[in-house]
There are 2 protein chains.
Amino acid sequence: MSSAASLGSMSTAARRARERAQRHQLIITAARELAETEGWEAVTTRRLAERVEYSQPVLYSHFGGKDGIVRAVALEGFTELTAALRRARESVQEHGPEDGTGRTLRAVGMAYWDFAARHPALYQAMFVLPTDLKFAHEETPQALRDAFGEFVAAFDPADPERLAMAEVSWASLHGLTTLGMSGRVPTATQTERIELLVTLLVGGG
Amino acid sequence: MSSAASLGSMSTAARRARERAQRHQLIITAARELAETEGWEAVTTRRLAERVEYSQPVLYSHFGGKDGIVRAVALEGFTELTAALRRARESVQEHGPEDGTGRTLRAVGMAYWDFAARHPALYQAMFVLPTDLKFAHEETPQALRDAFGEFVAAFDPADPERLAMAEVSWASLHGLTTLGMSGRVPTATQTERIELLVTLLVGGG
DNA sequence: ACAGTTGTTCTAGCGGCGCTAGCGAATGGC
DNA sequence: GCCATTCGCTAGCGCCGCTAGAACAACTGT
């Protein structure tokens, strides 16, 4: 406990921190790529260490364990999902305001499925693999709140059931997505199911 | 390849087959109980063998491997789920025919969530754990077809979109269920979400 | 320039996993 | 009573997540 003694060269410490951050991201990216190409069951600490050309214990110095790595990948996924949903929502909303036919929700829903279909392993890390990431909780990471916020933003702010509608839409899309990804409903007709779901949710007949 | 030679005593063979079937079920039940009390990650072939008081290889003589055991538990789950959904549906339909307010779907949806909440590990084996059980496939087990059939039966046979409606309702309920079970949406308000979903699906405003 | 201290990475190994080869003991047929 | 077959067991393979402690490198003050 030498307190603030031995601070060392500031720039040296900065460089080390930078290198460490780079390696941190390298591990996340390697785990994600390995999961996306061979599935999460192929992501072992040994194989991952070999990929990043460091020994196993290095992984444990960055993340608490394998769960921590999956968690980090999932968090990255939530940030990207939020960006994708926002892009879809804004691109629709700038072509005129919501007109009650669910144009916004349709665009967000399609973007949601598209995201999951393009990054199935990433989606699994976010929603399927066992994790301690909670949503409606005080210590929920901002990335998760933002993603949910995109669903909320697809509904009329004046709607008293706005939050509940966002929850139900999101969960329903999630159900369609997981069943589609695991091959339990045919993906060929997936967009039609999403169309139907959105139509029903926004009250169209 | 001694064809039908060495048949042995018929009754003896029958007793053996009976005992083997009992042990088969014993393994399934033990795996299910262990999963329900300690989670699927605690279900290992070693622990399971200890529970049923046989050695590990016995498990492999009954099921191809751990996946086969999970699959057997899942199949049992589909049979029970079908029974639960049918009970709910018939108990509603015998109190008068469908009137367009989604009484049937509401009962089926509630029974669905109730089933998952009561047997979370069983539900996971059926829908979350990696498995090769396909749904819309030629060799889909009857138990799975029957479960889906209960959703179909909740809609008007005259509706041309009947099958699509069943798919979407089922997937949406599945989404609410998984997010509820993993703590991603609060379970305290889960029935309200299901109410809202059903209302939206059947076209109520 | 150098000795000491601090921090970081690696080698090696623990217990447990899914799974299987091959042995030994019952069991039923001649 | 001997043989053939069936059946469950012991033992072990290669892998897993994870960690203790050695080996090394880097930075410090003199």
Side-chain angles (χ1 to χ4, degrees), chain A residues 1-24 26-27 30-31 34-35 38-73 129-132, chain B residues 1-24 26-27 30-31 34-35 38-73 129-132:
Chain A
M1 296 299 181
S2 56
S3 74
S6 73
L7 273 178
S9 163
M10 274 303 195
S11 64
T12 300
R15 173 180 54 79
R16 298 249 265 214
R18 211 164 46 236
E19 287 172 354
R20 187 171 175 82
Q22 281 178 8
R23 198 173 57 179
H24 192 91
L26 173 66
I27 294 169
L34 190 52
E38 304 188 38
W40 279 107
E41 76 281 356
V43 181
T44 72
T45 57
R46 276 170 234 270
R47 291 196 60 182
L48 191 52
E50 193 183 5
R51 279 279 189 112
V52 299
E53 294 181 312
Y54 284 97
S55 68
Q56 266 182 292
V58 168
L59 305 181
Y60 290 85
S61 80
H62 282 271
F63 308 93
K66 189 181 175 178
D67 290 355
I69 298 174
V70 176
R71 186 191 168 98
V73 172
L129 297 187
T131 173
D132 53 355
Chain B
M1 294 298 182
S2 54
S3 76
S6 72
L7 273 178
S9 161
M10 273 303 194
S11 64
T12 301
R15 173 180 55 78
R16 293 246 213 170
R18 213 163 46 233
E19 287 173 354
R20 187 171 173 82
Q22 281 177 9
R23 197 172 59 177
H24 192 92
L26 173 66
I27 295 169
L34 190 53
E38 303 188 40
W40 278 108
E41 76 281 356
V43 181
T44 72
T45 57
R46 276 170 235 271
R47 291 196 60 182
L48 190 52
E50 193 182 6
R51 280 281 190 112
V52 298
E53 295 180 311
Y54 283 97
S55 67
Q56 266 182 292
V58 168
L59 306 181
Y60 289 85
S61 80
H62 281 271
F63 308 93
K66 190 182 175 178
D67 290 355
I69 298 174
V70 176
R71 185 191 168 99
V73 172
L129 297 188
T131 172
D132 52 356

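Just so it is clear, the model here is predicted, and its values are computed rather than measured. Numbered from 1 within each chain, the chains take letters A, B, ... in sequence-line order.
- Atom pair A/R20:CZ and C/dT8:P shows a separation of 7 Å (rounding to whole Å applied).
- Atom CD of A/E50 is separated from atom P of D/dG17 by 13 Å (rounded to the nearest Å).
- One atom, OH of B/Y60, and another, C1' of D/dC9, lie 15 Å apart when rounded to the nearest Å.
- Note: A/K66 NZ to A/W40 CH2 = 8.0 Å, rounded to the nearest 0.5 Å.
- Here C/dG18 presents its P atom at 11 Å from CZ of B/R47, a figure rounded to the nearest Å.
- The side chain of B/R23 contributes an N or O atom lying less than 4.0 Å from OP1 or OP2 of D/dG8.
- Closest to the side chain of B/K66, out of D/dG17, C/dC19, C/dC10, is C/dC19.
- Sequence order on DNA chain D of the closest nucleotides to A/G64 and A/T44 puts A/T44 first from the 5' end.
- Considering only side-chain N and O atoms, B/R16 lies nowhere under 4.0 angstrom from the phosphate OP1 or OP2 of D/dG8.
- A donor-acceptor contact under 3.5 Å is not formed by the side chain of A/Q56 with the base of C/dC10.
- For C/dG16, the base has no donor-acceptor partner in the side chain of B/R46 [N/O atoms by modelled type, under 3.5 angstrom].
- A pairwise comparison of heavy atoms in B/R23 and B/S61 identifies NH2-OG, 4.4 Å as the closest pair.
- Atom-to-atom, CD of A/E19 to C1' of D/dA25 comes out at 13 Å; the value is rounded to the nearest Å.
- When every heavy atom of A/F63 is checked against every heavy atom of A/A72, the shortest pair comes out as CE2-CB, 3.6 Å.
- Note: OH (B/Y54) to P (D/dC9) measures 8 Å, nearest angstrom.
- Considering OH of A/Y54 and CD1 of A/I27, their distance stands at 8.5 Å, rounded to 0.5 Å.
- Nearest-nucleotide positions on DNA chain C place A/P57 closer to the 5' end than the other of A/P57 and B/T45.
- Residue A/S55 is in base contact, counting any heavy-atom pair closer than 4.0 Å across all strands shown.
- In this structure, A/F63 places its CZ atom 16 Å from C1' of D/dC18, rounding to the nearest Å.
- Closest approach of B/H24 and B/H62 over heavy atoms only: ND1-ND1, 3.3 Å.
- The separation between A/I69 atom CD1 and D/dC16 atom P is 13 Å, rounded to whole Å.
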